[in-house]
A.B. asks: 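Before I ask anything, let me first share the structure, which is written out below as structure tokens.
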Amino acid sequence: MLNCFSKARKAIRGILTAGAVLSLAACDVTTLPSGGSDGGSGPNLKSGETVQIALLIPQSDPNTGNIPQSLENAARLAIAEIPGANIELKVYDTAGRAGTAAAQAQRAVDEGAKLILGPLFGEAANAAAVAVADEGVNVLSFSNNTTIAGGNLFVLGSTFDSAAERLVSYGARNGKKNIAVLYQNNIAGQLGRNAIQGAATRNGGQVVAAEGYDLNTESLTAAIGRVKSATSGGNADSLYLTDSWDGGLSVVLQLAPEQGVSPASTQYAGITRWDVRSDGFKLPGIEGAWFAIPDNASTAAFEQRYAARYGAQPHALAGLAFDGVAAVGALLKKGRNDALTRSALTQGAGFQGASGVFRLLNNGTNQRAMGVATVRNQQVVILDPAPRSFGGAGF
């Protein structure tokens, strides 16, 4: 047990570095000015005009490994798949720093960019959006930090809200409406808790208990004990976890069943990607648990096309760059001169992306089609496939 927490503490230290942050498929989750920046109407285009998109990525940041190149490759793949696309992609190095991102965003617009794709980190994205807000240029960042979204800044990263909405609505349809939440005491955990609470309200459920913990034995044991009171007393029929494999998820999935929160009587659910660590499929809390995953077929197809073109598998974040270009390309194919404006980018029908359909919301966040999966006999099983449109089941 102490060894598990030792590993978890090492993971926490790693999260403070840029490299480990990238493994979260979240970019960074930091406290930033809410609401983004003003503006964001977007420029109108002339018929036949070449659309210049600036890709802001941390090319010279040594902690990002192959991620910048993978993002660029995915963006260029999207352009290649748009017949007759009149898109020019220019790449700018942010070095992973907010100040550099702001300067490069302004430089890109001065050089003709009509849209910013990126940056990777939330703080850099916020800075870039502020820098070009007065130019009326929208920024489609790779962050999933919803606290920076709004104005001319959109986040493309998968959010807790999409996962929570999908799972809570599925639970409500299957008679699981009384929820206990166990979350880590950090910004990500609090955002996850809030997402679950919001989803419960929208789907006729309720959060009957929400307990936070620090990554140490005493704190987690106490939090699980308080959650157990809600589940054993019949007040909660499901337990939602916000933690990830990079945090304390493996410890929670081991310890909570050992302390009496039985998966047989309490439905476990998680709003992070549980399917990416098969070595965790032996943990007692994961058998029969629910978690949200992107559309498997779309993801596999994207990975195959990427590998055929570049001879390697894409990084997990690469699809975000593909999505940003694909959205613009879909609008340009329709001949829309307002393709780069807020009203066009936030069309209700959304777009087909690397991992399924998604749409940008007017508040700068996004909604992604996700399936509901579980683990049975150490294998991932799809319980409810990801919807193929925003009019389908699951939305």
Side-chain angles (χ1 to χ4, degrees), residues 21 24-43 51-58 71 75 90 92 94 96-110 113-162 187-188 191 194-195 317 319-328 331 338-347 350-351 353 358-368:
V21 168
L24 301 179
C27 304
D28 50 2
V29 182
T30 54
T31 303
L32 297 169
S34 62
S37 42
D38 295 330
S41 58
V51 177
Q52 186 173 309
I53 297 177
L55 175 64
L56 271 59
I57 48 178
L71 288 166
K90 295 186 68 174
Y92 297 83
T94 67
R97 295 192 292 266
T100 305
Q104 292 287 55
Q106 185 61 63
R107 174 190 167 196
V109 172
D110 291 343
K114 299 296 180 66
L115 183 85
I116 303 292
L117 183 60
L120 180 58
F121 299 111
E123 188 174 359
N126 192 64
V130 170
V132 300
D134 60 344
E135 312 268 6
V137 173
N138 286 311
V139 175
L140 307 185
S141 77
F142 303 134
S143 176
N144 73 341
N145 183 350
T146 57
T147 68
I148 65 172
N152 66 327
L153 177 56
F154 294 86
V155 294
L156 287 169
S158 184
T159 68
F160 287 138
D161 293 303
S162 286
I187 296 296
L191 290 174
N194 294 345
L317 298 179
L320 301 179
F322 181 95
D323 290 355
V325 175
V328 172
L331 295 169
D338 66 343
L340 305 182
T341 65
R342 167 177 294 278
S343 59
L345 291 169
T346 57
Q347 66 173 18
F351 308 96
F358 73 98
R359 59 184 171 190
L360 298 172
L361 305 180
N362 198 53
N363 63 3
T365 63
N366 68 76
Q367 186 178 26
R368 292 184 173 273

A.B. asks: Considering non-hydrogen atoms only, spot the tightest contact between Asn138 and Gly42 and give its length.
C.D. replies: ND2-CA, 3.8 Å
A.B. asks: So, for Leu71 and Ala321, which heavy atoms are closest and what is the spacing to 0.1 Å?
C.D. replies: O-CB, 3.2 Å
A.B. asks: Ignoring hydrogens and angles, tell me if any N or O in the side chain of Asn152 forms a donor-acceptor pair with the backbone of Val139 under 3.5 Å.
C.D. replies: no
A.B. asks: Glu135: which residues meet the side-chain hydrogen bond (donor to acceptor under 3.5 Å, both in side chains) condition with it, sequence neighbours left out?
C.D. replies: Gln106
A.B. asks: Taking atom CG of Leu140 and atom CG of Leu345, what is their separation to the nearest 0.5 Å?
C.D. replies: 6.0 Å
A.B. asks: So, do Leu331 and Phe351 sit near enough that their side-chain heavy atoms are less than 4.5 Å apart?
C.D. replies: yes
A.B. asks: Going by the rule side-chain contact (heavy atoms from CB on, under 4.5 Å), which residues pair with Asp338 if we only count those two or more places apart in sequence or in a different chain?
C.D. replies: Asn44, Arg336, Thr341, Ser343, Ala344
A.B. asks: Tell me every residue that passes ring-ring contact (aromatic ring centres under 6.0 Å, His included) with Tyr92, counting only those two or more places apart in sequence or in another chain.
C.D. replies: none
A.B. asks: Considering non-hydrogen atoms only, spot the tightest contact between Ala108 and Ile116 and give its length.
C.D. replies: CB-CD1, 4.2 Å
A.B. asks: Decide yes or no for Leu340 and Pro43: does some side-chain heavy atom of the first lie under 4.5 Å from some side-chain heavy atom of the second?
C.D. replies: yes
A.B. asks: OG1/Thr365 to CG/Leu153 distance, rounded to the nearest 0.5 angstrom?
C.D. replies: 11.0 Å
A.B. asks: Run the side-chain contact (heavy atoms from CB on, under 4.5 Å) test against Asn366 and tell me which residues pass, sequence neighbours left out.
C.D. replies: Val155, Thr159, Ser162, Leu360, Arg368
A.B. asks: State the CG-CZ distance between Asp323 and Phe142, to the nearest 0.5 angstrom.
C.D. replies: 9.5 Å
A.B. asks: Write down the atom of Gly96, the atom of Pro58, and the distance for their closest heavy-atom approach.
C.D. replies: N-CB, 3.4 Å
A.B. asks: Please name the pair of heavy atoms, one in Ala128 and one in Leu56, separated by the smallest distance, quoted to 0.1 Å.
C.D. replies: CB-CD2, 4.3 Å
A.B. asks: Report the C-alpha separation of Leu117 and Val325 in whole Å, then their side-chain angles, then the decisive distance to 0.1 Å, and conclude whether the side-chain contact (heavy atoms from CB on, under 4.5 Å) test is met.
C.D. replies: CA-CA 8 Å; Leu117 183 60; Val325 175; 3.7 Å; yes
A.B. asks: Has Ser141 got a side-chain atom pairing as donor or acceptor with Phe154's backbone, closer than 3.5 angstrom?
C.D. replies: yes
A.B. asks: So Thr147 and Leu191, side-chain contact (heavy atoms from CB on, under 4.5 Å) or not? Walk me through it.
C.D. replies: CA-CA 9 Å; Thr147 68; Leu191 290 174; 4.1 Å; yes
A.B. asks: Is there a side-chain contact between Leu120 and Leu317 in this structure, where contact means two heavy atoms from C-beta onward sitting under 4.5 Å apart?
C.D. replies: yes
A.B. asks: Look up atom CZ in Phe322 and atom CG in Leu156, then write down how far apart they are to the nearest 0.5 Å.
C.D. replies: 12.5 Å
A.B. asks: Looking only at heavy atoms, what is the nearest atom pair of Pro119 and Ala101, with distance?
C.D. replies: CG-CB, 4.0 Å
